[in-house]
Amino acid sequence: MSVLDSTTTILASGVRLTVPLAFAACGEYLAERAGAMNISVEAMMLGAAFTSVATASATGSATVGLVAGVLTGLVLGFVHGNLSHRAQINTFVVGLVLNSLVLGLTSYLITTDQFASHQVGVLSIPLLQDIPLIGKPLFSERWPAYLLILLVPLTWWLVERSRWGLELRAVGENPQAADVTGIKVNARRRQALLWCGALAGLGGAYLAVGEVGSFNQNMTAGRGYIVIAAVIFGAWRLGRTLLGCLVFGLSDAMRLALPALGVTLNAQLLVAAPYLLALLAMLLFTTQHREPAALGRPFQRGST
Amino acid sequence: MTPTTSAVPILELRGITKSYGTVTACDAVDLRVDAGEIHGLLGENGAGKSSLMKVLLGLVRRDTGTVLVRGESVALDSPQEAAELGIGMVHQHFSLINGLTVWENVALGDTGKVNKQAICSDIAEVCARYGLPIDPEAQVGSLSAGERQRVEVVKCLRRDPQILILDEPTSVLTQAESQELFGVLGRVVQEEGRAVILISHKLAEIAQATDRVTVLRKGRVAFRAATAETTPQLLAQQMVGRDVSLGEEGAALGLLPVQKARTGQAGDRDRQQPVLRLAGLTVEQGGVRVLEDVDLTVGAGEIVALYGVEGNGQATLGEILAGLLPPTAGTVEVAGSTVDVTRPGALAKAGLGIVPEDRHHSGVVLDMSVAENLTMKSLDKVSGRFLLRRGVMRAEARRLADEFNIVTSSLDAPVRSLSGGNQQRVVLARELSGDTRVLVAAQPTHGLDVGAIEDMYSRLRKAAAEGVGVLLISTEFEEVMALATWIAVISSGRITGVLPVSEATSERLGMLVGGEAA
């Protein structure tokens with residue numbers, strides 16, 4: 001295998017591993033700008049991965065599975081939002097509980113039945129896919145991956161240009177002030193979590209019925225946490241957040257490719273590599289003062 | 001009620017009552033405001049002014065009572081409804097969002113599409129009309145206190161409110177900025193026929209700026225009159241509920257003229273042996289110099305006041321001296337030796353006590369007992385190697401509680417159950433216990449009633465008389481004049497001048513506060 005070929009292979013695998021992260025990161029980014037620290041993004045991805053496979057198996061359509069994944073994310077976003085930003089339960093506890101619950105539930109459910117494998121189709125863009133080096137990785141993907149071209153600018157526009165986004169940012173920076181201005185703080189946060197749920201669900205479903213074609217136990221393996229790390233790495237800016245996703249995706253691809261390239265390293269150590277990288281990246285590139293000032297802090301009327 | 005010409009007032013409150021739990025914040029309050037007037041709402045902290053305004057703005061629901069706007073009864077269930085009725089407020093706290101730009105802040109609370117061009121041209125129009133220059137693209141977090149106030153005013157006026165409420169608007173402003181604000185308010189009522197409600201506890205301000213005044217005391221209307229027919233003394237008396245001398249209490253209430261207590265005092269111009277020396281203190285936060293090269297010396301037995309308008313770096317200095325924030329550059333020397341302020345507890349060990357600005361945040365632990373709070377800094381004394389010695393702790397706490405007249409049902413009662421004045425005494429007692437050489441008192445009388453203020457003053461004097469160097473960080477001119485031997489003025493994070501109290505006048509200090517050398 002030539003160097004060019006193997007580079008293309010690693011890039012292609014890196015991009016494929018980045019796509020699910022990028023979907024979820026768009027959602028997490030928006031939620032965190034609203035001050036909602038959503039660690040149940042892991043549950044959203046994992047839950048969606050399972051339901052998408054189960055639904056695809058039942059209906060015979062991977063696309064329907066994808067929709068089921070989005071709906072699963074929405075439901076989890078709704079649950080998380082209402083527990084954290086209506087019932088005012090500590091958002092981290094809610095997230096941990098949801099993550100554990102979904103992990104346990106999907107691990108059990110996968111043993112209850114045999115699920116037929118379904119995968120969404122590959123869409124190759126003529127001509128562009130023939131560009132050397134980057135043609136294959138960027139222009140020959142499973143079709144839902146191209147939704148990013150739509151969803152990334154949409155997320156940016158929502159946050160930076162729409163009134164809703166302006167209100168979200170106000171809520172994330174200073175909920176008391178937002179409240180005084182007449183913005184329904186907790187409602188905005190619940191709405192932000194719905195957006196996050198839908199996109200994280202899409203990311204999880206893409207992983208299952210897009211890349212892999214089946215579900216296995218704990219198949220997201222902490223990718224939700226990697227997404228949270230990417231938002232921190234990106235200093236709460238969308239572009240840098242997506243760059244963070246790409247860095248993590250590529251390091252994951254390297255891990256998979258190294259044995260094939262003849263490099264022998266301890267397998268377990270390699271599995272840990274992307275997470276180690278995430279930790280390192282956060283340590284090196286975190287710019288604290290860009291963090292939404294009220295991130296993770298609950299808001300209740302009358303208590304300042 | 002004073003005679004007014006218009007038949008229907010623009011705003012009328014009848015019998016407004018609002019309770020929080022067992023506390024009645026407003027008790028059957030009546031208020032009548034006419035178009036074209038500035039109406040002063042005067043009262044001490046906790047008199048119910050703010051609660052009343054929250055009701056008016058739809059932020060909290062009243063328990064009983066009627067609100068009439070232009071003669072029509074209104075519900076006022078939400079901030080949106082208040083805005084639609086033309087009630088707008090210039091907030092002092094919690095209302096601008098630092099992470100957003102000026103125009104984005106102004107756009108908040110609108111509905112429909114965000115139209116940057118339209119908002120910016122609105123801002124330009126309002127700015128031009130009232131002579132208040134603002135850059136709509138500026139990040140709010142980077143503005144000075146005075147500029148932020150302008151943004152608040154412009155944001156409010158852009159909505160074209162018929163009733164404007166200002167809550168303690170001058171507490172963060174320099175004298176010149178205050179005059180600018182009152183100039184704008186004058187135009188708003190006289191030329192445009194709006195009504196203004198000015199909330200304040202500063203008598204001088206009420207006397208200068210308002211047409212009529214209503215005094216609240218303990219949630220009830222204590223007094224109402226045309227401002228021209230009252231005197232500051234009378235208003236002070238109504239506000240406090242008893243006679244007020246023009247001495248210390250008067251100073252505490254902002255009554256003028258200020259008693260010049262200590263002219264010609266011995267050693268007025270001679271500095272004493274320094275016990276606290278700050279050299280070149282600089283703090284940079286997010287690229288902004290919050291403190292710049294601050295040099296300040298406090299001698300044994302001196303009260304040195306650091307005077308300035310809120311938001312000019314005093315809070316940051318207080319945090320450094322509390323050990324909460326390491327400076328970017330500079331040194332802190334206590335009793336002759338340099339202290340490593342990055343080590344927790346190092347300042348306390350060196351003999352520096354601090355009454356922090358926000359006592360609930362860093363002064364006391366509200367849910368721990370009075371005894372525990374009193375002995376928190378001298379744990380070596382009240383514990384063995386592993387175990388607390390309850391008996392010793394209680395005895396020590398008892399001694400301090402007696403010495404400082406702390407009124408509490410029990411030493412085991414949580415500090416939360418104490419009044420503000422007694423909480424502050426707990427802090428003071430703890431910080432002065434042991435071998436304290438320097439006491440830093442940051443806004444020590446904020447939120448206290450008059451009696452507690454007097455007590456605080458006499459205790460600070462007593463501490464100084466015993467040889468403790470006191471650094472008083474204060475925004476109150478009268479307080480500074482009544483207590484200090486030396487006054488240092490801080491403006492935009494820099495010390496703009498240091499003078500003995502005998503040479504200080506409101507004009508000179510005003511110039512320094514504004515950042516000009518006097």
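A note on names: the letters A, B, ... follow the listed sequences, proteins ahead of strands, and every chain is numbered from 1.
The environment of NZ in B:Lys54 is sparse: at most 12 heavy-atom neighbours from other residues, nucleotides or ligands sit within 6.0 Å. Under a cut-off of 6.0 angstrom, the local environment of CZ in A:Phe78 is sparse, with at most 12 non-hydrogen atoms contributed by other residues, nucleotides or ligands.
Of the two parts of B:Asp110, the backbone and the side chain both hold a non-hydrogen atom closer than 4.5 Å to a non-hydrogen atom of chain A. For B:Gln80, the part sitting under 4.5 Å from any heavy atom of chain A is the side chain, from C-beta outward, and nothing else. For B:Ala82, no part lies near chain A; criterion is any non-hydrogen pair under 4.5 Å. Neither the backbone nor the side chain of B:Lys116 comes within contact range of chain A; no heavy atoms are under 4.5 Å apart. Interface residue A:Ala170: backbone and side-chain heavy atoms are both found under 4.5 Å from chain B.
Taking 4.5 Å as the limit, some side-chain heavy atom of B:Leu100 sits within range of a side-chain heavy atom of A:Leu166. Put simply, the side chain of B:Asn98 does not reach to within 4.5 Å of the side chain of A:Asn174, judged on heavy atoms. Within the 4.5 Å cutoff, no side-chain heavy atoms of B:Ile97 are placed close to those of A:Gln176.
Between atom CG of residue B:Leu96 and atom CD of residue A:Glu173 there is a gap of 12.5 Å, rounded to the nearest 0.5 Å.
Side-chain atoms of A:Arg161 never come within 3.5 Å of backbone atoms of B:Val114 as a donor-acceptor pair (strictly under, hydrogens ignored). At distances below 3.5 Å, at least one donor-acceptor pair connects side-chain atoms of A:Arg163 with backbone N or O atoms of B:Ala107.
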